[in-house]
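Here is the structure we will look at.
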Amino acid sequence: MLSIQFLRENPDLVRQALKKRQFSEPIDDILALDERRRSLLAEVEALKARRNEVSRELGKMEEKPPKLIEEMRQIGGRIKALDEKVRAVEDELNDLLLRLPNIPHPSVPLGKDESDNRVVRSWGEVRKFDFKPRPHWELGEALGIIDFERGVKLSGTRFYVLRALGAHLQRALISFMLDLHIREHGYTEMYPPFMVKRECMVGSGNLPKFADNLYHDEEDDFWFVPTAEVPLTNLHRDEILPPGTLPLYYVAYTPCFRREKMSAGKDTRGIKRGHQFDKVELYKFVAPENSDEELEKMVDNAEEVCRRLGIPYRVLELCSGDLGFASTKSYDIEMWAPGCGEWLEVSSCSNCGDFQARRANIRFRPQSGAKPQFVHTLNGSGLALPRVLISLLESYQQGDGSVIMPEALRPYTGFEVIK
RNA sequence: GGAGGGAUCGCAUAGUGGUCUAGUGCGGCCGCCUGCUAAGCGGUUACAGGGGGAGACCUCUGUCAUGGGUUCGAAUCCCAUUCCCUCCGCCA
């Protein structure tokens, strides 16, 4: 959420910045509501001041003058009516503010959609095959490690079952990633709830605007996490972190549930896109002046997973039009998948600035006695599982249909080949 | 799920309609004193929003779990909700 004070003082700056995202936002409506809110507040607060003053005097009097009491009764009624108006205006204002996206970082290149994203670097040699590399859905079925039919039997289209060494391989990847980040990159491992309250979704920026993409339990109003970013953001909701706390680095493995409206015929084969997938997520709470640098470090932490697995990847800087709702600046990491012949997005790392912190009310005190400030939050996949699995299977496949395990993973798999 | 008890300033507590502008202790911070430390002394101690001011600041409003209600006036009385504790039931 943007600060209403900032918006009030810099309406044109905000208008220009949000235009880069290819949306027109109701800035004028917001400013009008803000104006209305403040004039109502001035009115009702003056009445409350009067009421407080008279009540104080009345408390000291032996004889309570009925005329004064009657006057106060009138004032009470007006206060109540005005309070309701203020509340209605605030609700409307708040709703509009909660639907405004974040302002892009000045360094973000202008662009209209994903075709304008820029490759900033790449790593690794794309492997040359002396046979035609097969896509993972063929490999997976042939090796008996992915069962598509039974996944559909259980839960419908775009669900699958990982079987035997396939299930084991995914678990190994998760452990490998978690260990790398906690042992070498300084993150603290967390195991959060997979269902959260509505406020958490508002805090992270998923609600109110993106309810369509979320699974929701009506009965108890639980929301299924679409990423660990949601519970991790809310770990410190409504807190003021004492001096010396920042930066905080967290890493969490969670399943992710997404109710995407899939366009028919797109990404239909294999395990690339589903309603449920696993992910290891990196998350940081940092002081505002460090967030630019922390984003670069986070991307490198995610890239390290790719390098250890020996899979070629490239890093994209997202243009303004492709930026996520809460993000000021994002990098995507894409791994090469030789079987499907495409670059797969395995990570997206974002600096959200104080956007989520303001929504979730997460602050820190720079020094003892100093005013609290909003923290900056960053999130990044480190990495998303199904697509790593795809790249790995397709990259390490052999002519006989077997798949060799990368060196770094063997302590976690306990086997060297799937055949 | 059932029955009881509870929620007050960072922590612990006091407060049962107006003197609460929420007291006290502990902790924290600043200073003084003591040739170290401890003790002692003095001061200070939240958050948000509105208005004023160039500014250090001033002023008003709100916040005693949350939301309603009663009242001229609510931390205090009433109702609902949430969370915590104890006991019972159920359960991996």
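Numbers restart at 1 for each chain; the letters A, B, ... are given by sequence-line order, proteins then strands. Only a predicted model underlies this, so the values are computations on that prediction, with no experimental measurement involved.
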Span that lies between the P atom of B:rA75 and that of B:rG62, in whole angstrom: 10 Å
Pairwise P distance for B:rA56 and B:rC41, with rounding to whole Å: 35 Å
RNA chain B contacts among residues 80-92 of chain A, heavy-atom distance under 4.0 Å: A:K80, A:R87
Side chain to side chain contact (heavy atoms under 4.5 Å, CB included) partners of A:S291, counting only residues at least two apart: A:V286, A:N351, A:H376, A:L378
Between B:rA46 (C1') and A:F364 (CZ): distance, integer Å: 18 Å
A:E184: partners by salt bridge (Lys or Arg N to Asp or Glu O under 4.0 Å), with sequence neighbours left out: A:R308
Base paired to B:rA3 (Watson-Crick or G-U; both N/O distances under 3.5 angstrom): B:rU86
5' priority, RNA chain B, between A:E70 and A:V54 [closest heavy atom]: A:V54
Phosphate OP1/OP2 of B:rA48: any A:R363 side-chain N/O under 4.0 Å: yes
Nearest heavy atoms of A:L173 and A:L389, plus distance in Å: CD1-CD1, 3.6 Å
Contact letters for nucleotides 50-62 of chain B, in which S counts primed atoms plus P, OP1 and OP2 and B counts the base, heavy atoms under 4.0 Å: SS--------BSS
Value in whole Å for how far the C1' atom of B:rG73 lies from CG of A:L47: 16 Å
Mate of B:rU44 where both pairing distances stay under 3.5 Å, Watson-Crick or G-U: B:rG28
Partners meeting salt bridge (Lys or Arg N to Asp or Glu O under 4.0 Å) with A:E293 (sequence neighbours left out): none
A:R21: salt bridge (Lys or Arg N to Asp or Glu O under 4.0 Å) partners, not counting sequence neighbours: none
Of residues 188-204 of chain A, the positions that come close to RNA chain B - non-hydrogen atoms, cut-off under 4.0 Å: none
Heavy-atom pair of closest approach, residues A:I333 and A:V299: CD1-O, 3.9 Å
Sugar-phosphate only, base, or nothing, as touched by A:P372 at under 4.0 Å among non-hydrogen atoms: sugar-phosphate
Nearest-Å distance for atom pair CD/C1', residues A:E57 and B:rC72: 12 Å
Whole-Å gap separating C1' (B:rG17) and CG (A:L58): 13 Å
Partner nucleotide, any strand, of B:rU21 [Watson-Crick/G-U, under 3.5 Å]: none
Set of residues satisfying side chain to side chain contact (heavy atoms under 4.5 Å, CB included) with respect to A:S3, sequence neighbours excluded: A:Q5, A:F6, A:R358
Counterpart residues, salt bridge (Lys or Arg N to Asp or Glu O under 4.0 Å), relative to A:K20 (two or more places apart): none
Nucleotide opposite B:rA92 in a Watson-Crick or G-U pair, distances under 3.5 Å: none
For B:rA80, the Watson-Crick or wobble counterpart (both distances under 3.5 Å): B:rU66
NZ/NE/NH1/NH2 to OD/OE distance under 4.0 Å, A:D83 and A:R87: no
Value in whole Å for how far the P atom of B:rG73 lies from CG of A:L68: 12 Å
Listed pairs under 3.5 Å, donor-acceptor, residues 190-202 of chain A side chains, sequence neighbours left out:
from, atom 1, to, atom 2, distance (Å)
A:R198, NH1, A:D221, OD1, 2.9
A:R198, NH1, A:D221, OD2, 2.9

B:rA38 pairs with, by Watson-Crick or G-U criteria that keep both distances under 3.5 Å: none
Salt-bridge present (A:R37, A:E92; N to O < 4.0 Å): no
Nearest-angstrom distance from the residue atom NZ of A:K371 to C1' of B:rA46: 8 Å
Euclidean distance for C1', B:rC79 against B:rG23 (whole angstrom): 30 Å
OP1 or OP2 of B:rC72 under 4.0 Å from side-chain N/O of A:K67: no
Length of the line joining A:N361:CG and B:rU63:P, which is rounded to integer Å: 18 Å
Between P of B:rA46 and CD of A:Q373, the distance in whole Å: 17 Å
All side-chain hydrogen bond (donor to acceptor under 3.5 Å, both in side chains) counterparts of A:H105, not counting sequence neighbours: A:S107, A:D292
What side-chain donor-acceptor pairs closer than 3.5 Å can you find for residues 162-170 of chain A, not counting sequence neighbours?
from, atom 1, to, atom 2, distance (Å)
A:R163, NH1, A:G144, O, 3.0
A:H168, NE2, A:T413, O, 3.1
A:Q170, NE2, A:D278, OD2, 3.4

